[in-house]
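The structure appears below as C-alpha cells.
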Amino acid sequence: MLYVPCTKTIKPMLTQARESWDRLSDFRRKRNRCRDYTFGRQWNDMIEVDGRRVTEYEYILREGNIPLKNNLIRRIVRNVLGVFRQRLPEIMNKYYSDDISVTASKNSLHELFSRTMEEFLISGMAVHRKRLGLRDGIPGVWTEIVSPGSFFFNTDSRDTRGWDINLIGQVHQADFHDWCRAFVKNRKQFETARKLFEGGIKKLNITEVWRKEVIPGYVLHNRERGYIRRVSEAEGKASGLPKKWMLHEVWRYYFISDDGSILAQGDSPYIHRSHPFILKCYPYIDGEIHSFVGDMIDQQRYTNRLITLYDWVIRASAKGVLLIPEGAVDPGNLQTVADQWSRFNGVIVYRPDPACPEPKQVSGNMSNLGISELLEIQLKMLEDVSGVNGILQGNTTGGNVSGALYNSQTTNALYSLADVLETFETFIRDSSLRDRQLNINTHGSRPVG
C-alpha cells in the first residue's frame with residue numbers, strides 16, 4: 001500500500017501515485033481471480049448466504065456436496081503457450097540479432113518471455129524492468145519480470161503504445177541486503193539501515209516513482225568543443241557560453257520509504273532519458289485491460305457446476321441396494337449375508353420359503369437430465385470463446401482428412417490467436433530496442449535501484 005506523507009515537496013507526486021495505484025485496484029482484483037481460475041482455485045468467489053460471506057467452496061461443502069472442477073482454462077493456456085514457443089525462436093532471431101544476442105542469452109530471455117506471455121494471458125499486462133549493473137559480478141543489461149500486482153501507472157493514458165504515460169512506478173519489498181545494495185554509501189547509512197531492520201523485520205516497503213516533469217533550463221552551444229548541451233537555469237546563468245532558455249521534459253526517479261523519506265532521487269541516468277519499464281497492456285481501448293483468461297471464466301464456472309451436478313445425481317441414485325424379505329435371514333446373520341453378497345465368488349445358503357420371495361438387488365437408473373449434452377455444448381463454447389479449437393489441442397479430425405486440408409485448418413485456427421500473439425510480439429520488439437539502447441549506454445551514472 002502506498003503511503004502519502006505530509007512532506008510538502010513530494011506530497012503532490014505521491015498523491016498522484018496513490019490515485020494511480022487505487023485506480024488499478026479493480027485490475028488487480030480481476031488478475032487475482034483469473035490467476036486462481038488458471039491454476040485450479042476455481043471455487044474461491046465470495047457469495048453471501050444468510051447474511052454471511054463465504055466462498056463457494058465452503059458453501060458447497062456445507063451443503064453436503066463435493067466441489068468438483070475440470071480445469072479447462074489451464075489446458076487452453078498451455079496450448080497457446082505451446083504455439084508461442086514454436087514462434088519464439090523466429091521472433092528472437094528477428095529482434096535479437098548478433099549484437100545483443102549475448103544480452104538475450106545472459107538473461108535467459110527465451111524462458112523469461114514465455115513466463116511473461118503466461119502472465120499476459122492471465123492478466124492482460126506484461127511488465128519488464130531493465131537495469132544496468134552487476135549481477136553475480138557480471139556487468140551488463142539485466143531484465144527483471146515485474147508483477148502487475150505491485151505495479152502502477154497513470155491510468156488516464158489512452159495510447160496503446162504507452163507514449164502518453166507520465167507517471168509509472170513499482171512498490172518493492174526490500175530486505176536488508178537489497179536496502180544496502182541500493183542506498184548505503186557510507187558507514188552512517190549502514191548503521192541507519194541496521195536500525196531499520198532490527199526487531200525481526202524482514203522486509204520494508206519502498207515506493208519507486210518515475211515521473212515526467214517539465215523544468216526550465218538553457219541549451220548551451222559550445223562552439224570551441226563542438227557540442228550542444230541542456231543544463232539547469234542556475235548552470236546556464238553562470239555560463240558565459242551562447243545559450244537559449246527553454247523548457248525541458250525530463251524523467252525523474254524517486255525512491256521513497258514508508259515514513260516519507262526520499263532515499264534517492266535524480267534525473268534518468270539512461271541514454272534513452274526515460275524510465276526503465278517496458279509495458280504492454282491488452283487490448284487497452286479507452287484505457288481498459290481485459291485478459292485472455294477472463295473471457296473464459298463464465299464457461300469454466302458453468303462446466304464446474306455441471307460436473308458437480310452430475311456427481312450429485314449419480315451419488316443420489318440407488319446403486320446395488322439388496323432387498324431381503326423379513327424373516328428370510330436370521331437377523332444375527334445379516335452382516336454375513338451382506339459380506340457374501342458383495343464378494344464375486346460369494347455363496348449364500350438359505351432355506352427357500354414358497355411364501356417368501358427371494359432376496360434381490362435394486363439398481364436405479366439415473367434420469368436423463370441432458371447433463372452430458374450440456375457439457376458438450378459448454379466445451380464447444382469454450383473453444384469458440386478462446387479461439388483454441390480441437391486442431392490446436394492436437395485432436396485429429398479423422399483418418400480421411402488430407403494433409404493439405406489439415407494444414408489449412410491449423411492455419412485458420414491460428415488466425416484467432418494472431419491478435420494476442422502479435423500484440424505480445426510488439427512487447428518483445430520494444431524490449432529489444434531498449435536492450436540495444438542500454439548496450440551502447442555511455443552515461444557514467446550509478447545504476448538506479
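The first residue in the sequence is number 1, and the count goes up from there.
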Worksheet item: So does Glu90 have more than 12 non-hydrogen atoms from other groups sitting under 6.0 Å from CD?
Response: no
Worksheet item: Looking at Tyr282 versus Phe424, is the centre-to-centre ring distance below 6.0 Å?
Response: no
Worksheet item: Which value, rounded to the nearest 0.5 Å, describes the distance between Ile73 atom CD1 and Ile122 atom CD1?
Response: 10.0 Å
Worksheet, complete the sentence: Closest non-hydrogen contact found for Ile201 with Leu204 is CG2-CD2, 3.7 Å
Worksheet item: Which pair of heavy atoms, one from Phe152 and one from Ala17, lies closest together, and at what distance?
Response: CE1-CB, 3.7 Å
Worksheet item: Does Glu118 pair with Arg115 as a salt bridge, N-O distance under 4.0 Å?
Response: yes
Worksheet item: Should the pair Arg273-Glu249 be classified as a salt bridge under the 4.0 Å nitrogen-to-oxygen rule?
Response: no
Fill in: Aromatic ring pairing Phe153/Tyr284, orientation class (parallel under 30°, perpendicular over 60°, tilted between)
tilted
Worksheet entry | Electrostatic pair Asp50-Arg52, nearest N-O below 4.0 angstrom | no
Worksheet item: Between Leu72 and Arg75, is any pair of side-chain heavy atoms under 4.5 Å apart?
Response: yes
Item to complete: Establish, yes or no, whether the cationic atom of Arg158 lies under 6.0 Å from the six-membered ring centre of Trp163 and within 45° of the ring axis.
Response: no
Worksheet item: Of Thr116, Asp430, Asp435, which is the lone residue that meets side-chain hydrogen bond (donor to acceptor under 3.5 Å, both in side chains) with His128?
Response: Thr116
Fill in: Salt bridge Glu111-Arg85, side-chain N to carboxylate O under 4.0 Å
yes
Fill in: Heavy-atom donor-acceptor pair, Thr423 side chain to Asp419 backbone, under 3.5 Å
yes
Worksheet item: Can we say Lys203 and Asp175 salt-bridge, meaning some charged N sits less than 4.0 Å from an Asp/Glu carboxylate O?
Response: no
Fill in: Non-hydrogen side-chain atoms of Gln16 and Asn166 separated by less than 4.5 Å
yes
